[in-house]
Amino acid sequence: MIVTRFAPSPTGFLHIGAISTCQINEKLAHQSGGKILLRIEDTDTKREVEGTTSLIIEAFKKFNMFFDEGPISDTEETGEYGPYFQSQRKDIYLSGVKYLLEQDWAYPCFSTEEELDAIRKEQTVLKFRTGYYGKWAKYRNFPEEMVEKYLDEGRPYIIRFKSNGDWNNKRYFDDGIRGKVSMPENDIDIVILKSDGLPTYHFAHVIDDHFMGTTHVIRSDEWLASLPLHVQMFETIGFEAPKYVHLSPIQKLDDGNRRKLSKRKDPEANVEFYLQEGYPVEAVKEYLMNIANSDFEEFRKANPINAVEKFELKIDKLNNSGALLDFLKLDSVAKEYISTLSSSELYDKLLNWAKEYDTAFAEVMKNEEAYLKSILAIERDGVEKVRKDFYIYSKIKDEVSYFFKDKFSFDVKDFPVSLENARELVEAYKNLYVHEDVKENWFPKVKDLAEKLGYAKNPKELAKTPEAYKGTVADVACVIRILITGRAQSPDLYTVMQILGKEETLKRLNAKI
RNA sequence: GGUCCCAUCGUCUAGAGGCCUAGGACAAGACCCUCUCAAGGUUUAAACACGGGUUCGAAUCCCGUUGGGAUCACCA
C-alpha cells in the first residue's frame, strides 16, 4: 500500500505541473489501495501570498482532484495525522529539534548574514564548493560555555543539522525512475530551524513525511540534488526513509532552448489559464497523463471511453526527460474528449464553464436551454462519426453564434458566384424550399435546382467542360449557406435550418441581396 | 565552475544485444469520400546527437565529446 502526498507552498497560483505531479501521486496511491494527503508548506512567511491556499484548494476541486487527508479549505481539514498546515506544526518541529540537539546531531549557529556571504565569496574565489561545511562551519564545535554565553547575550541564532557525511564518499541513492544514482554524501550543515522559529523544507519534510506515514515521496526533479541530505537525515534520526521518485518538469521552447515552464513568464503555467480558455479538465488531465507516461496512449486506444481513473500507472514507466508542452496535442485530446460527450453532457459542462467565465453567455444558455441543446446535438447525438470541431468551451459561443439573431449577419462578398447569379439562385430556391421536407429530400432538390440553373453536379463535370457551367452544386449550396449562417462553412445545412425554424429560415432566405 | 540528470521523426514516445528495412500518436503533405466544414478511410515525408570501443551482431552495453536540463539560500 502506497501513501503519497502533495505539498505545495502557498506562494502563488497552482502550476500546471502541480496537477501532473499530483495526479501521479493520486493514482499511485489509490491504485494500490493507499491514500494521498495534502500538506500546505507555509513555512516561508516572506514569500507567502495571502489567499493562495484557498486558491490552490479550489483549483484542485475544479480539476476533480480530492485528497484523503489534509486541508479542505483554508481553515478546515480532515485526517488524523494533522495539522496539515506546517505553520501549525511548530511544536512538533521544535520537539524534533530539541531531540536532535540532545543527541548532538544539531547545533546552534550564530553566523550572521554578512559572515555567511563572506564565506560564500571566499569559497567562490578559492573555487571551493559553497556551503557551510568543514572548516567554514565555525559554530559546529563551538564550546558549550560559549554557546551559553552567546545565548545569554541574546545573540540571534539558527539551528543547523550536524552532518556526518563525507563529500569524498560516493554512494548510491534510489530513485523510482532513474534507478541507482551515484552522488557524494552530504557534508553541509544545513539549516533546520530558521530564526523565525519555523523549520526549513528539508527538516519539515523528514518530520512530516515520517509522522504522516508517507511511503513514497513523488516530487519534482529539482529535489533530486537534495536526496543525499534527506536520506542522511532520515538515517541519522533513525526513521525509515520513504521511496523517492523525481519527476521531470514540463518544459517549453524559448529561443530554441528548452526550459521549465515559468510561473512568472508563462501564462500557460497557471492552471487558471486552461480553466479560463475552457479546456475540459478531463482532457487536460488526460494530456498530462499522456506526457507523464506514454503507456497511457496505448491504454486510451484500448479503452476509448474509460476515464483516466482506470489506467494503471507504473513508476518505472514515468517519463524521465521532461516533455515540451504541446498545445496541438492537447487540442487533439480535447477534441476527442468532447466528441465523447452527449449534447446534454456538453451543455452541462459548457454552462458550468460559462457561469464562471462568460456570465452573459451563461444567461443565454439558461434562457434557451432546449435551443442550445439542439444546436450542440448537431452531428453529435445518435451519429456514428461525431463532429470533432469543439476543443475549448470558450470557442463554442463563436462557433454557434449564427444561431442567434443578434449575432447573425452575412456579406455578399463571400458568395462564390456573381451577385446576379446568386439572386437568381436564391429566388429559385425560395420557391422550392419546404421546411417540412425530410432530410433525404433536401439535398436532391438543391441538386436538381443546380442542374436546372446550369451548375455542374460535381466538380469532375465542371473540370471536363468548364465553359458549360456557372459553377457547381457546391457553389449553390454555398450561397444558401451564407444566407442562412453567414459563413461559407457550417455543419449540415438541413439540420441547421430545422433548428433555426421555419420562420427564421425564411426570413434569412428573404434577406435583401 | 562543482555535483547530478537527460539525449530516437517537428512534438510526445515504443524500444531491456538479433524480433528494427526503427513502430505508434499529434502536427504536416497527397489521395479517396463529400454540398462546405468537421470527421472517416488510404497514404507520403520525417529520427537513433557525434566519435571511439565491447560483440559474430549495438538505438540498446562501456568510454569520451557535444548539446540540453536541474541544483549549489535562514525559498520551497
Side-chain angles (χ1 to χ4, degrees), chain A residues 7-11 41-44 46-48 86 109 111 113 116 120 124 127-132 156-160 167 170 173 175 177-178 181-184 188 190-196 198-202 204-205 219-228 246 248-249 251 253 257-260 287 290-295 297-298 300-301 319-333 335 339 378-379 383-390 416 442-443 446-447 450 457-459 472-478 480-482 485 487-494:
Chain A
S9 51
T11 52
E41 310 229 318
D42 53 353
T43 54
D44 186 357
K46 284 186 230 86
R47 284 205 317 154
E48 186 168 347
Q86 286 184 332
C109 167
S111 291
E113 237 172 272
L116 257 17
R120 221 187 330 269
T124 310
K127 294 205 161 61
F128 282 112
R129 290 150 42 228
T130 54
Y132 203 83
Y157 67 94
I158 51 158
I159 305 294
R160 287 183 184 273
W167 196 76
K170 288 223 174 190
F173 297 90
D175 175 84
I177 297 174
R178 281 159 251 267
V181 179
S182 160
M183 282 191 262
I188 293 174
I190 57 110
V191 177
I192 57 175
L193 197 74
K194 299 182 285 183
S195 51
D196 62 5
L198 255 14
T200 56
Y201 170 85
H202 306 293
H205 155 54
R219 63 206 338 185
S220 105
D221 214 349
E222 71 213 55
W223 294 111
L224 189 58
S226 317
L227 195 50
H246 292 93
S248 305
Q251 303 183 313
L253 220 45
N257 283 337
R258 286 161 167 262
R259 63 166 172 79
K260 208 156 99 171
Y287 172 70
N290 219 317
I291 56 175
N293 179 328
S294 62
D295 273 2
E297 206 158 336
E298 291 294 313
R300 277 290 301 166
K301 267 195 259 174
N319 165 327
N320 68 355
S321 50
L324 237 34
L325 183 57
D326 181 0
F327 275 97
L328 251 18
K329 182 94 179 188
L330 207 208
D331 291 351
S332 162
V333 173
K335 270 184 198 174
S339 79
I378 299 172
E379 289 171 66
V383 297
E384 253 177 77
K385 306 279 185 211
V386 176
R387 208 177 165 77
K388 291 180 187 166
D389 47 359
F390 298 151
W442 182 77
F443 187 63
V446 175
K447 219 166 175 175
K457 263 188 295 192
N458 56 52
T472 71
V473 64
D475 296 322
V476 175
C478 184
I480 304 172
R481 172 169 283 114
I482 287 170
T485 67
R487 45 186 89 177
Q489 288 111 32
S490 80
D492 178 62
L493 241 194
Y494 171 83

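Naming: A, B, ... by sequence-line order, numbering from 1 per chain. Since this is a predicted model, take the numbers as computed values, not measurements.
Contact between A/Arg387 and A/Ser490 at its shortest, heavy atoms only, is NH2-C, 4.4 Å.
When heavy atoms are screened at a 4.0 angstrom cut-off, A/Thr124 is found touching no nucleic acid atom at all. Among the heavy atoms of the strands, none lies under 4.0 Å from A/Lys127. A/Lys335 comes within contact range of the sugar-phosphate backbone alone, with a heavy-atom separation under 4.0 Å but no base atom that close.
For a distance-only test at 3.5 Å, the side chain of A/Asp175 fails to qualify as a donor-acceptor partner of the base of B/C5. Interface remark: the A/Arg481 side chain does not form any donor-acceptor pair with the B/C37 base, using a distance-only criterion of under 3.5 Å.
When Watson-Crick and G-U wobble pairs are counted only if both distances are under 3.5 Å, B/U11 pairs with B/A25. Using N1 to N3 plus N6-O4 or O6-N4 for Watson-Crick, or N1-O2 and O6-N3 for G-U wobble, each under 3.5 Å, B/C61 pairs with B/G53.
B/A45 and B/A22 have their P atoms separated by 11 Å, given to the nearest Å. Look at the C1' atom in both B/A30 and B/A46: the space between them is 15 Å, to the nearest Å. Across B/A76 and B/A39, the matching C1' atoms stand 47 Å from one another, rounded to whole Å. Separation of the C1' atoms belonging to B/G10 and B/A27 is 8 Å when rounded to the nearest angstrom. Distance check on atom C1': B/G23 versus B/C32 gives 25 Å, rounded to whole Å.
Using the six-membered ring where Trp is involved, A/Tyr201 and A/Trp223 have ring planes that are parallel, under 30° apart on the 30 and 60° scheme.
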Quiz item: Tell me, for nucleotides 65-76 of chain B in 5' to 3' order, what letter each nucleotide earns: B for a base near a protein heavy atom under 4.0 Å, S for only sugar-phosphate near one, - for neither?
Solution: ---SSSSSSBBB

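Between the CG atom of A/Leu325 and the P atom of B/G10 there is a distance of 19 Å, given to the nearest Å.
Between A/Asp326 and A/Lys329 there is no salt bridge, since no side-chain nitrogen of the basic residue lies less than 4.0 Å from a carboxylate oxygen of the acidic one.
Residue-to-nucleotide proximity on RNA chain B shows that, of A/Val181 and A/Gln489, the 5′-proximal contact is made by A/Val181.
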Restricting to nitrogen or oxygen on both sides, can you table the protein-nucleotides 45-50 of chain B pairs closer than 3.5 Å?
none

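Considering only residues two or more places apart in sequence or on other chains, A/Arg160 meets the side chain to side chain donor-acceptor pair (under 3.5 Å) condition with none of them.
The side-chain contact (heavy atoms from CB on, under 4.5 Å) test with A/Gln251 is passed by exactly one of A/Leu324, A/Asn257, A/Leu325: A/Leu324.
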